[in-house]
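Here the structure is laid out as structure tokens; the discussion comes afterwards.
This chain uses plain numbering: 1 for the first residue, then up along the sequence.
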Amino acid sequence: MAEKKKSYHQGHDIKSLAINLATILLFFLPFALYYDIKEQQSENVTLYCGVVAGGLVLSLIVPPVGWMRPHPYTDMVGNVPFKFRRD
């Protein structure tokens with residue numbers, strides 16, 4: 001009898017989504033800084049940079065902890081995708 005095939009990893013685990021969100025925030029940062037022309041721009045600059053930094057930190061501490069994107073075919077034990085459900 002043949003083995004049951006593993007489900008294909010679609011990149012929808014929590015780590016991949018956090019990395020994608022942080023990348024989107026980093027991409028939109030220059031546009032937000034350029035188009036923000038209010039009087040209190042210096043306060044908004046620190047707010048925008050803080051949101052981007054927070055997104056980057058969040059993407060690092062989401063399981064599996066680290067800078068590498070999870071991969072289902074990895075040899076490293078701690079770098080497998082974290083799933084909320086069992087297959």
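There is a path of hydrophobic side-chain contacts, each under 4.5 Å, that joins Ile24 to Tyr34. Following chains of ILVMFWY side-chain contacts shorter than 4.5 Å, one can reach Val45 starting from Leu29, so the two form part of one hydrophobic cluster. Linking ILVMFWY residues whenever their side-chain heavy atoms come closer than 4.5 Å, directly or via other members, places Leu26 and Leu33 in the same cluster.
With rounding to the nearest 0.5 angstrom, the CG atom of Leu25 is 11.5 Å from the SG atom of Cys49.
Listed by chain and number, the residues in a ring-ring contact (aromatic ring centres under 6.0 Å, His included) with Tyr35 amount to none (sequence neighbours excluded). Applying the side chain to side chain contact (heavy atoms under 4.5 Å, CB included) criterion to Ile19, with sequence neighbours excluded, gives Lys15, Thr23, Ser59, Arg69.
The shortest side-chain heavy-atom distance between Leu17 and Leu21 does not fall under the 4.5 Å cut-off. Side-chain contact between Asp36 and Tyr48 is present, with heavy atoms from C-beta onward closer than 4.5 Å.
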